[in-house]
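Below: the structure, in structure tokens.
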Amino acid sequence: MPKSQPKSFKSIAKEAKNRLKSGFWENCKEELRGELARAKDAGVNESRAGHYFAGKVTCTIRGGDDDAFYQKVKQLLLAEGEVSDAIGRLTDRAVFDSLSYEEKQRYTLTLSERYLKALERFRRECEYEGRKG
């Protein structure tokens, strides 16, 4: 798994400034109001809905690879539920086969951590949306 370079403070600040300029936070406030109203109408705890929405915004800001990975995990969970070989199914064989023993260990550990975070996010979404996960 190739390591991505950490973002510089300058690039993070630029992204934040762009969010301010584009009205990102105003849109978030409007969407939050809508989500809270929808939660109230559906009988869902508004605090729980607020936490769910905050996590959703955080994922939007981070974006990129984690969201694509989450979608892959979500498809697996919806299709087959929690399976014992999830890490094996999510492993990119072309990448994995090119790694040394130590790199394979690190890749598997990182993939496992990402899977657990995605599983937690999936469970929160299911709980909020009222479906069984």
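The shown structure was predicted, so the numbers you read here are calculated from the model rather than taken from an experiment.
Taking a cutoff of 4.0 Å between a charged side-chain nitrogen and a carboxylate oxygen, Arg123 and Glu127 do not qualify as a salt bridge. Salt bridge status for Arg106 with Glu103: absent, with no side-chain N to carboxylate O gap under 4.0 Å.
Leu119 and Leu78 end up in the same hydrophobic cluster when Ile, Leu, Val, Met, Phe, Trp and Tyr side chains are linked at under 4.5 Å. By the rule that hydrophobic residues join a cluster once side-chain heavy atoms approach within less than 4.5 Å of another member, Leu99 and Ile87 end up as members of one cluster.
Screening residues 71-91 for ring pair (Phe, Tyr, Trp, His ring centres under 6.0 Å) gives no qualifying pairs among residues at least two apart or on separate chains.
In this structure the side chain of Lys117 never reaches within 4.5 angstrom of the side chain of Arg114, judged on heavy atoms.
Under the rule for a side-chain contact (heavy atoms from CB on, under 4.5 Å), the partners of Ser22 that lie at least two apart in sequence or sit in another chain are Phe24. Under the side chain to side chain donor-acceptor pair (under 3.5 Å) criterion, Ser11 pairs with Ser8, sequence neighbours left out. With sequence neighbours left out, Arg33 forms a side chain to side chain donor-acceptor pair (under 3.5 Å) with Glu30. Checked against side-chain contact (heavy atoms from CB on, under 4.5 Å), Arg89 has the following partners two or more places apart in sequence or in another chain: Leu76, Glu80, Val83, Asp85. For Gln105, the side chain to side chain donor-acceptor pair (under 3.5 Å) test picks out no residue, with sequence neighbours left out. Not a single side-chain contact (heavy atoms from CB on, under 4.5 Å) links Ser84 to another residue, sequence neighbours left out. Not counting sequence neighbours, the partners of Glu15 by the side-chain contact (heavy atoms from CB on, under 4.5 Å) test are Lys7, Arg19.
Atom CG of Leu32 is separated from atom CG of Asn27 by 12.5 Å, given to the nearest 0.5 angstrom. Note that the NZ atom of Lys72 and the OH atom of Tyr115 stand 13.0 Å from one another [nearest 0.5 Å]. In this structure, OH in Tyr70 is found 8.0 Å from CG in Leu77, a value given to the nearest 0.5 Å.
Counting only distance, with no hydrogens or angles, the side chain of Ser112 and the backbone of Thr108 share no donor-acceptor pair below 3.5 Å. Although no hydrogens or angles enter the test, the distance criterion places a donor-acceptor pair under 3.5 Å between the side chain of Tyr107 and the main chain of Asp92.
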task = Test Glu35 against Arg38 for salt bridge (Lys or Arg N to Asp or Glu O under 4.0 Å), laying out the working first.
result = CA-CA 5 Å; Glu35 290 288 332; Arg38 189 170 71 100; 3.1 Å; yes

